[in-house]
**Q** 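Sending over a structure as structure tokens; questions will come in a sec.
Please read all numbers here as calculations on a predicted model, not as lab measurements. Letters A, B, ... are given to chains in the order of the sequence lines, protein chains preceding strands, and every chain is numbered from 1.
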Amino acid sequence: MPELPEVEILARHLRPLLRGKTIRTVTVRRERAVRPNTPVELRKALAGAKFMELSRRGKYLLFHFRSKASHKTTAVLGHLGMTGRMYLASKNEALPKHAAIVFDLGHQNFIYEDFRYFGRMSLDLSPIDNLGPEPLEKSFSPQTLAAALKNSRQPIKVKLLDQAVVAGIGNIYASEALFRARISPKLAANRLTSIQTKKLWRTIREVLNEAIGYGSTVPLKTMSGKSDALFYFSDGGEGFYEERLRVYNRAGKPCLNCETVIKGIRQAGRSTFFCPKCQNSRFLTK
DNA sequence: CACCATGTTCCTTG
DNA sequence: CCAAGGAACATGGT
């Protein structure tokens, strides 16, 4: 679910569905999901508030509410972690086992569900202060990318996961962007040539834009015949999920450019996939 | 039982 | 002090 394209798709789906809705009550079913706030703080801030706008920053969602009595504005920062989902559901439907937070909207519930509970919804907006530029906006340029890379000896793949370099890239699209740029994931960040940096800048935007165009890595579907509830199905391995990604999770399979066997390695505790022939840079780390 | 998983943060190591 | 690596978080799938 949770890299920039998936969050963007989710924001586009939810925005029109939430607009104008008023929150009756907030139920926090898992305290960890509102950290560093308490359930009481969230409930107090949002009870009776009206949804105004939904925006995205990196992998974060920003919900904007206005309280009825005062004209005060409240913002809630959401993050889906690894396995978070957000959707509207009819009140007739039983809550899922791992519903973390439920907003009562009247005839519907807005549900944040997360079976690993790495995500959150809180009033603390500070996490977005440390984010780098939005990759699809003007603030992200080959020059800003070069500046962000020039002082690090970390492997470029690891550096791309640093949200202060550029916001929203995750483990899947880091491998995808490097494959398209034909840059080794093991190349030290400060060893990219300016040509490589520009190429990487372009392929980052390419993979993210294409993913948004496709819908998302994990298909976002409407349950047919079940109101307008939105559900994510993680059926990786079939459908456009597998066809779309060119290297991620393809260890042992032939490179789509040159047939060389795709390698799977671990970097900083995360899996990386690459073609050892197409992505054969010099000055590799380790 | 083992290992893997789209993310972030905290602690330790060098 | 800093950069980098690893564990923790929590649950489920294979």
**Q** Using a strict threshold of under 4.0 Å (side-chain N to carboxylate O), is an ion pair present between A/Glu134 and A/Arg57?
**A**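 Yes.
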**Q** Mark up nucleotides 7-14 of chain B, 5' to 3', with B wherever a protein heavy atom is under 4.0 angstrom from a base atom, S wherever such an atom reaches only the sugar-phosphate, and - elsewhere.
**A** BB------
**Q** Between A/Arg15 and A/Glu53, is there a salt bridge with N-O shorter than 4.0 Å?
**A** yes
**Q** Does a side-chain N-to-carboxylate-O contact under 4.0 Å join A/Arg12 and A/Glu8?
**A** yes
**Q** Work out how far the P atom of B/dC11 is from that of C/dA10, and round it to whole angstrom.
**A**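 Those two atoms are separated by 15 Å.
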**Q** Classify A/Lys97 by what it touches in the nucleic acid, base, sugar-phosphate, or nothing, heavy-atom distance under 4.0 Å.
**A**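 Sugar-phosphate contact only.
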**Q** Looking only at heavy atoms, what is the nearest atom pair of A/Phe118 and A/Arg35, with distance?
**A** O-NH2, 2.9 Å
**Q** Are any of the side-chain nitrogens in A/Arg244 or A/Glu210 under 4.0 Å away from the carboxylate oxygens of its partner?
**A**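 A/Glu210 and A/Arg244: not salt-bridged.
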**Q** Given A/Leu149, which partner from the list A/Asn190, A/Val166, A/Val165 fulfils the side chain to side chain contact (heavy atoms under 4.5 Å, CB included) test?
**A**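 The passing option is A/Val165.
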**Q** How far, in whole Å, is C/dA4 from B/dA5 if one measures between their P atoms?
**A** 23 Å
**Q** What does A/Arg35 touch in the nucleic acid at a heavy-atom separation under 4.0 angstrom: a base, only the sugar-phosphate, or nothing?
**A**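 It contacts nothing in the nucleic acid.
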**Q** Side chain of A/Arg30 only, heavy atoms from C-beta on: which candidate in B/dT6, C/dA4, C/dA10 is closest?
**A** C/dA10
**Q** For the residue pair A/Asp114 / A/Thr83, report whether a side-chain donor-acceptor contact shorter than 3.5 Å exists.
**A**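 A donor-acceptor contact under 3.5 Å links the two side chains.
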**Q** Looking only at side-chain atoms of A/Gln154, point me to the closest of C/dT11, B/dC4, C/dG5.
**A** C/dG5
**Q** Counting Watson-Crick and G-U wobble pairs with both distances under 3.5 Å, what is the dot-bracket string for DNA chain B, 5' to 3', using [ ] for crossing pairs and | for pairs to another strand?
**A** .||||.||||||||
**Q** With side chains defined as the heavy atoms from C-beta onward, is the minimum distance between A/Leu77 and A/Asp124 less than 4.5 Å?
**A** no
**Q** Heavy atoms from C-beta onward define the side chain here; which of B/dT6, C/dA4, B/dA5 lies closest to that of A/Arg153?
**A** C/dA4
